[in-house]
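Report on the structure given below.
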Number of protein chains: 2
Amino acid sequence: MTQPRRGRSEAGRAEVRRELVAAAVAQFTEHGYDETTVDAIAAAAGVGRRTFFRYFRSKEEAISPDHTAGLARVADVFETAHPSEPPALVALRAGETVFDLYTEDPALSVARYRLTHQVPALRDRESASVDHYRRLLTRHLRKRLADDPDGDLRAAVVGAAVVAAHNLALRTWLAAGAPADGIDAMIAKYRRVADMLPVEQPSLAAVTERLEAAVDRLEQRPPA
Amino acid sequence: MTQPRRGRSEAGRAEVRRELVAAAVAQFTEHGYDETTVDAIAAAAGVGRRTFFRYFRSKEEAISPDHTAGLARVADVFETAHPSEPPALVALRAGETVFDLYTEDPALSVARYRLTHQVPALRDRESASVDHYRRLLTRHLRKRLADDPDGDLRAAVVGAAVVAAHNLALRTWLAAGAPADGIDAMIAKYRRVADMLPVEQPSLAAVTERLEAAVDRLEQRPPA
DNA sequence: GAGCCTAACGGCACGGAGTGCCGTTAGCAA
DNA sequence: TTGCTAACGGCACTCCGTGCCGTTAGGCTC
């Protein structure tokens, strides 16, 4: 693809990485995942096979996004959130910061999405990646729910629910071709999970009940 | 381990399978997962390397339980459940039928659990397996929530929550050594997720809508 | 009980993933 | 110009997973 390059700077490494990802996506899409060898990807990116494995730990990793930044952001939101903020809402905010990883390069995200959903090996790897987020959320939630007798269960449920909503919203958007004017709808859909979360005291049901009763009383008041 | 055997009956195949699983668990536990080759497992079970791959698709599969039966049971519960039963409760019942796969042979389940949680490759495979259950639940739930405007989101949340609760209860039990007198507590913990599922309560959005409508009506009426 | 049929077995060989090792080279600094 | 460092690429190796094929056990028929 290009001339032989040796001895790269940091910027050079980032460029090589992008070329490897692009080559992998192109080859997988065109010839199929199993039919594409690491040799072919490396050659298409103009580097040696050995170098490929200095950028990715495995063939699958070339296609899955780097979640280092996403996981770091999630952890950061939890560590800087005020102790009084409801844990479920912290989790919700944390999840929202991860959308950026996909909206930055929609075309690449869509290509990855399509490959991931038709190659079993990539799908399984994706499941594992998603589970890392779920575990991270659950761990932080459990810390914040330490005084709840069912805190571990609530943390597991909220963590899993937030991740599930995130993925549903994200995949719906990706399946539609990742339109720029669909990002707001994606986030709105994701936020709607808040209505389904088991919110801690005061009970949501109790609050709404009281509000509804108050409104009902107002409505039944005879007009002047 | 035994004499060379050739040409097995169906019962013979089941026995060979058990021996391979036992050999894999023993070797992985004693020498580590990466250090154990498929050759060694096959030899310990008294069969050839080629035969190993007639029983398992991969080295990892020798350690992970066969979920065929579990997935079939879940599907069966959904297909035979009465249409009027709340979807979340169907999911809850479906998940409960899967505990049997682990309580049948507690010692083996504990050995698998320990290996799975200290070998990254096995952990990732486990995540993928769990995700298959989640997807199955979500798919069936979505069908039963077709008339709910947020049915897909609710299905995703309930499915993920049920699976998360199942795994938390199961792992807690396994981590404690899978005591026979802990099975009831495991199931009780799992069932407690029902209190956190977004089905009984009206959604916050619905309540908000009603409140806003009521306020609108009040505003259009002269004060008392 | 002799012969046949089917299914499982084991060995062989091959391609490809992933890794340790090492000589080489680009880019930078003194 | 010289020396240092980090990245590169080739080589060789192990092991996983699979197609192929000859062989054999166990059951069935007559």
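Protein chains get the first letters and strands the later ones, always in sequence-line order, with residue 1 at the start of each.
Rounding to whole angstrom units, CZ of residue A:F28 and C1' of C:dA17 are separated by 12 Å. Note: CZ (A:R13) to P (C:dA26) measures 18 Å, nearest angstrom. Whole-Å rounding puts the A:Y55 OH to C:dT19 P distance at 17 Å. D:dT18 atom P lies 14 Å from atom CZ of B:F56, rounded to whole Å. If you measure from atom CZ of B:F52 to atom C1' of D:dG19, you get 18 Å, rounded to the nearest angstrom.
Ion pairing of A:E96 with A:R191 is present here, as a side-chain N (NZ or NE/NH1/NH2) and a carboxylate O approach within less than 4.0 Å.
The side-chain heavy atoms of B:V74 and B:Y133, taken from C-beta on, include a pair separated by under 4.5 Å. Using a 4.5 Å cut-off on side-chain heavy atoms (C-beta onward), B:F78 and B:P87 make no contact.
A distance of 6.0 Å or more separates the ring centres of A:Y113 and A:Y102.
Contact annotation: side chain of B:R50 to base of D:dG17, donor-acceptor pair absent below 3.5 Å. Residue-to-nucleotide contacts include a donor-acceptor pair under 3.5 Å from the side chain of A:R49 to the base of C:dT19.
Both B:S58 and B:R54 lie near DNA chain D, and the one whose nearest nucleotide falls closer to the 5' end is B:S58.
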